[in-house]
Amino acid sequence: MKDKGVEKIYRLAREQYARLGVNTEQAIAGLRKINIALNCWQGDDVTGFLNETGISGGLVCTGSYPGRARSGEELRADLHKALTLIPGRHRVSLHAIYAEPRRPGKQRNELETRDFSAWIAWAQANRLGLDFNGTFFGHPLAASGFTLSARNENSRRFWIEHAAACRRIGADIGRKLRSPCVTNIWIPDGFKDIPFDRKKPREILKKSLDEIFARKFNPRHLVDSLEGKLFGIGSEAYVAGSYDFYLSYAVANGKMLCLDMGHFHPTESVADKLSALLLYLDGILLHISRGIRWDSDHAPILSDELRGLAEEIVRGGFLGRVKIGLDFFDASINRVAAWVIAARGVLKAFLTAMLEPATNLRQMERRGNHTGRLALLEELKTMPAGIVWNEYCRRQGVPAGIEWLNEIKKYERGVLTRRAKQ
C-alpha cells in the first residue's frame, strides 16, 4: 500500500519521538511479533455447531444484528475478512462446540481431531495458529450448575472425558500446525446463594484436574491453561474454580493461568497482577474483554485498562511469556467489525507501550526523579502514536485510520445482508 502522505507525516512523527529517545522503527518491528487469537464464538453468538441446548452457564449474548454465521464455512469466511483488516499475522481460538462431526449426535466426550479437520486445513492454508477451549456449558449435563466439580459421578466423568478429548485435539492441532495450541479450561461451577460447604466442590475439582492432566503431552504441541472467575449469573455467591484456586493449582502443577479482564472485581487491576504472577509462573494467557459494571463481554476498546495491561507487559519484558486472546460476544453490532475494532485496539495499546522512552523513565525512577517521570508520562499522552500506527498499517497492507470500515460495509452488503434473508 503506497501513500506518500502517510510516509511524509510518519517521518515527522519519527523525528518527534527520536527527541525523546524512542526509535519508532524498533516499535514497529516489535509490534509485528505480536499475535492475537481471535475468538471464533463472536461470529455466531456462542451457538456452535453441535445443536445442543444453547448458551448457558451464566453467559448471555444480547442483540440481533443480521448476518450471524450459521456454519463453519460462513464463520471461517467472516474470520478471514476480519483478519484481512488487522495488521500482522494472528491466530484463531476455537471452542469445542465448533466441531463439525460427520456423525450427527456426536457427544462432546467423543470428539476427535478429525471433527476439526476443516478448521485445521483452513489454518494451514492461511498460515494461522489455532488455540482451543473446552465447552463446559450449554449441555444437559451442565444444567445442575456443576461439571468438573459435580458430586454426581456420571456427570463428572462425562466432563473429565470431554476435557481429556480437548487436550488430545489441542495436542494434534499444535503438532499439525507446528505451533503450540493453548488449550484452556473454564467451568461455570458454583452456587447462586451462599453455600454451607465451600471445600467439597474444590476438592472434587482438584481430583478431576489431576485425572485430566495425568496424561502428558509435548509442550511444543500443547499448553494447558486454567481460567478462574469471581462470579457469574447463577453463581453469584460462590465459584468453585476461583482465581485463588487456579493460581494455586497452576503454581503447584506447572500450568498456565488464564486472566480474563472481566473475571475480577471492577476495582482490581489485571495489569498489576502480571509482575507478581510471572515471578512464579512460566506463562499467562490473557482473555481481553470489556466488562461494563459486570462481566458483560463487550468488544474491547483502547481503554485505560487495556493500555495499562499492554504497558505492564512491555515494561516487564513479558511479551514472550504472555499469550493474548480475545473473549467477548456482542450481537448488537456488526460481528466482523467487532473483531477488527477489538484486535486493532489491542495492537494500538501495545504500540503505544512500545513507544515509551523506557530507558529514560527507568533512570528517572531509580534516581528518585518522580516529578520528571510524571511530566514525561503526561507528555507521552499527546504524542503522535496514531501516525506511527497508520505507517504500520500501510506497511502491512491493510487500511489505515477508519478506512477499514468501508470494507466492512461492502462485506455486509454483499454477504451478511444476503445471509440474513436466506
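Predicted, not measured: the structure shown is a model, and the values here were computed from it.
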(request) Tell me whether the guanidinium CZ or amine NZ of Arg394 lies under 6.0 angstrom from the six-membered ring centre of Tyr10 and within 45° of its axis. (result)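 Not flagged: Arg394 not positioned over aromatic ring of Tyr10.
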(message) Check whether Phe116 forms a cation-pi arrangement with Lys176 (NZ or CZ under 6.0 Å from the six-membered ring centre, at most 45° off the ring normal).
(response)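 Not flagged: Lys176 not positioned over aromatic ring of Phe116.
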(request) Applying salt bridge (charged side-chain N to carboxylate O under 4.0 Å, His left out), run through Glu161 and Arg157 and close with a yes or a no. (result) CA-CA 6 Å; Glu161 291 172 358; Arg157 183 56 49 191; 5.2 Å; no
I'd like to know if the side chain of [X] and the backbone of [Y] have a donor-acceptor N/O pair within less than 3.5 Å.
{"X": "Tyr246", "Y": "Ser225", "value": "no"}
{"X": "Arg307", "Y": "Thr352", "value": "no"}
{"X": "Ser144", "Y": "Phe146", "value": "yes"}
{"X": "Ser235", "Y": "Gly232", "value": "yes"}

(request) For residues Trp294 and Ile233, determine if any side-chain heavy atom of one lies less than 4.5 Å from a side-chain heavy atom of the other. (result)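 In contact.
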(message) Would you say that Cys166 contacts Thr135 through its side chain, given a criterion of any heavy-atom pair below 4.5 Å between the two side chains?
(response)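 No - every pair of side-chain heavy atoms lies 4.5 Å or more apart.
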(request) Under the side chain to side chain donor-acceptor pair (under 3.5 Å) rule, what do Asp78 and Tyr411 come out as? Steps first, then yes or no, please. (result) CA-CA 9 Å; Asp78 291 352; Tyr411 189 74; 2.6 Å; yes
(message) So, applying side-chain hydrogen bond (donor to acceptor under 3.5 Å, both in side chains) with Asp115, which one of Arg103, Lys106, Arg102 is it?
(response)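 Checked Arg103, Lys106, Arg102 against Asp115; only one passes side-chain hydrogen bond (donor to acceptor under 3.5 Å, both in side chains): Lys106.
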(message) Ignoring hydrogens, what is the shortest heavy-atom contact between Gly43 and Arg335? Give both atom names and the distance.
(response)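 Heavy-atom minimum between the residues: O-CD, 3.5 Å.
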(request) Please report the closest heavy-atom contact between His80 and Trp122, naming both atoms and the distance. (result)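 Looking at all heavy atoms of both residues, the shortest contact is N-CZ2, 4.1 Å.
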(request) Check each of Lys255, Lys216, Lys323 against Asp224 using the salt bridge (Lys or Arg N to Asp or Glu O under 4.0 Å) test, and report the only one that passes. (result)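 Exactly one candidate clears the test, Lys255.
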(request) Give me the one residue out of Asp295, Asp260, Asp244 that meets salt bridge (Lys or Arg N to Asp or Glu O under 4.0 Å) with Lys229. (result)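 Only one of Asp295, Asp260, Asp244 forms a salt bridge (Lys or Arg N to Asp or Glu O under 4.0 Å) with Lys229, namely Asp295.
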(message) Please tell me whether Tyr243 and His263 form a close aromatic pair, meaning their ring centres lie under 6.0 Å apart.
(response)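 No, the ring of Tyr243 stays outside the 6.0 Å limit from the ring of His263, centre to centre.
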(message) Is it the case that the ring center of Phe158 lies less than 6.0 angstrom away from the ring center of Phe136?
(response)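 So the answer is no for these two rings.
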(request) Please lay out, stage by stage, how Glu407 and Lys81 fare under the test salt bridge (charged side-chain N to carboxylate O under 4.0 Å, His left out). (result) CA-CA 9 Å; Glu407 291 296 316; Lys81 184 61 184 180; 3.2 Å; yes
(request) Pick out which of Leu38, Val398, Ile341 makes a side-chain contact (heavy atoms from CB on, under 4.5 Å) with Ile86. (result)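 One option only clears the test, and that one is Leu38.
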